[in-house]
Protein chains: 2
Amino acid sequence: MHTTRWAKIAADLRQGIQDGTYPPGSKLPSIPDLMNKYGVARDTVRDAISRLANEGLVTPLRGIGTVVRDMTPVELAYSPEAPAQPWSQQTKNGRDDVVLAELVDADPGIIQRLRLPKGSQVLHRVRHQSVGGQVAQIHDQWIPADLYSSIANATKFDLIADRNKEQPNLYEQMREAGYQPATATETLTCRMPDPDETTTLELPPGVPVLVTHRITTDRDGTPLETSTFVGAGDRMSQTFRVPLES
Amino acid sequence: MHTTRWAKIAADLRQGIQDGTYPPGSKLPSIPDLMNKYGVARDTVRDAISRLANEGLVTPLRGIGTVVRDMTPVELAYSPEAPAQPWSQQTKNGRDDVVLAELVDADPGIIQRLRLPKGSQVLHRVRHQSVGGQVAQIHDQWIPADLYSSIANATKFDLIADRNKEQPNLYEQMREAGYQPATATETLTCRMPDPDETTTLELPPGVPVLVTHRITTDRDGTPLETSTFVGAGDRMSQTFRVPLES
DNA sequence: GAGTGGTCTAGACCACCAA
DNA sequence: TGGTGGTCTAGACCACTCT
């Protein structure tokens, strides 16, 4: 057995978390205690605890101790086609704040996703969707500039000027403006957050983000909108209902 | 400026990765170089690099250096309703190995998901689905024991005894046995991998896993099967096509 | 004030890879 | 063989929380 010392300590603590010796919300033994128990130096214990923190199992807190995180298992809940629904309908006591709405030159990735000519302008919206006062998801959205104008004309709702007002359903607005959103294609991955995301989502170390890329198209396959959702991995799940062919 | 030294070093390196000073595949300056440049001790540099590794930006390699990972942006690809399709149809040169297939007593979570009476038995299957010789996804599946028997009778294919043979489409087998799988409900989250998953998926540090829970039901809503998919976050994405109501 | 984790040092030895 | 990162020590000081 040629495992390292910190790996042994980490394995012991991980075992204790799994078998209930250290239930969620409780504290691990302190660093000095563990130094004593295993006869190792402080940094060796710290390496072990860092590892557990990066696995998302514990959160070390200064002046308090190392507390075991509540890894509530995924709720197998309803809310099918989640991102296609407004945030307010998905959550209770949820907020949906538009923190940015402006016309910009589309970057190459957006050009490709929306199949626009090079140099096109798009409306870029950023929303912070929160539950319980904490941002749970960052929603970046890009809409072709002419579609934005059409909506403003048809609905008297200006997505830029009225960005602080209650946001109506964008798909409804598109239909009022004569567009026919037909399908949304959503691709999900995950990765570790960058420092910005860590801040706005208030993520503890060891929590990844769930990333959803969406492209909405009409019946002809013309893209009407594209979005990127970045959600806190410990607070977000997305549910889809897939019909099976017979 | 009350930021720590390792945070400063990490920020500089992160900046260099983003602006192309250290392109993907290249190496960061060595630890001794960075000690020299910043006038700090070895562990301080290591703290900074650990941070970047946990963000999934770099992979330190013994004897080589700290190499910048290739963070290819998510492919906005095809394969809608991915997990409902057999692995062989989703991938080229993919393998799908059944590494375990046995009847077990269902644990409480499975009991709930399949709405079975307490103490029921289920067929538990574990599959390793790989691309290019590397396991990309672990598929855990639970099927009620009576459904397993029905399939064995109706199709002459025994999911346990024939586990090393080519696997036919389970939904087809269900239909041959008189069941009608109608919808699959899939819930996606992400988290950091446990040590086992890190090993079988060969995950570098800083790569989370994409977790999909599926429940397949017939037209009456009776569960026929439930699965958990654990996929490498840097190699897996899942795509869904959502029809929008008009 | 006592106890917690966070940062940092200076030095050591080890495992690994490439030339 | 020389350079890389990985592990570990013994000790120090700091920031924070609780009582």
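The sequence lines fix the lettering, A, B, ..., with proteins before strands; numbering per chain opens at 1. Note that the structure is a prediction, hence the values are computed from the model and not measured. In what follows, every heavy atom counts, from backbone to side chain, and hydrogens, waters and symmetry copies are set aside.
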Chemist: Report the residue from B:I160, B:L170, B:D140 that forms a side-chain contact (heavy atoms from CB on, under 4.5 Å) with B:R125.
Modeler: B:L170

Chemist: Let me know the distance between OH of B:Y38 and P of C:dA10, rounded to the nearest Å.
Modeler: 18 Å

Chemist: Quick check: are there more than 12 heavy atoms from other residues, nucleotides or ligands sitting under 6.0 Å from CZ of B:R51?
Modeler: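 12 or below, so no.
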
Chemist: Which distance, rounded to the nearest 0.5 Å, do you find between the CD of A:Q167 and the CG of A:D97?
Modeler: 10.0 Å

Chemist: Between B:R95 and B:S130, does a side chain to side chain donor-acceptor pair (under 3.5 Å) hold up when you go through it step by step?
Modeler: CA-CA 5 Å; B:R95 289 179 54 86; B:S130 37; 4.6 Å; no

Chemist: Could you tell me which residues satisfy side-chain hydrogen bond (donor to acceptor under 3.5 Å, both in side chains) with B:D19, sequence neighbours excluded, listed by chain and number?
Modeler: B:T21

Chemist: Could you tell me which residues satisfy side chain to side chain contact (heavy atoms under 4.5 Å, CB included) with A:N54, sequence neighbours excluded, listed by chain and number?
Modeler: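 Side chain to side chain contact (heavy atoms under 4.5 Å, CB included) list for A:N54, sorted by chain: B:N54.
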
Chemist: In whole angstroms, how far is the C1' atom of C:dG3 from the CG atom of A:D33?
Modeler: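 Roughly 10 Å, once rounded to whole Å.
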
Chemist: Check side chain to side chain contact (heavy atoms under 4.5 Å, CB included) between B:E202 and all other residues, then give those that pass, not counting sequence neighbours.
Modeler: B:Q134

Chemist: Which parts of residues 195-203 of chain A get close to DNA chain C, meaning a heavy atom less than 4.0 angstrom away?
Modeler: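 When residues 195-203 of chain A is checked for heavy atoms under 4.0 Å from DNA chain C, there are no hits whatsoever.
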
Chemist: From CE of A:M35 over to C1' of C:dT4, roughly how many Å is that when rounded to an integer?
Modeler: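 From A:M35 CE to C:dT4 C1': 13 Å.
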
Chemist: Which residues satisfy the side chain to side chain contact (heavy atoms under 4.5 Å, CB included) test with A:R62, sequence neighbours excluded?
Modeler: none

Chemist: Distances for protein N/O vs nucleotides 5-7 of chain D N/O pairs under 3.5 angstrom?
Modeler:
residue: D:dG5; atom: OP1; partner: B:T66; partner atom: OG1; Å: 3.4
residue: D:dG5; atom: OP2; partner: B:I31; partner atom: N; Å: 2.8
residue: D:dG5; atom: N7; partner: B:R42; partner atom: NH2; Å: 3.1
residue: D:dG6; atom: N7; partner: B:R42; partner atom: NH2; Å: 2.8
residue: D:dG6; atom: O6; partner: B:R42; partner atom: NH2; Å: 3.4
residue: D:dT7; atom: OP1; partner: A:W6; partner atom: NE1; Å: 3.0
residue: D:dT7; atom: O4; partner: B:R42; partner atom: NE; Å: 3.3

Chemist: Rounded to the nearest Å, what distance is computed from the CG atom of residue A:N36 to the C1' atom of nucleotide C:dT4?
Modeler: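 For the pair A:N36 CG and C:dT4 C1', the rounded distance is 16 Å.
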
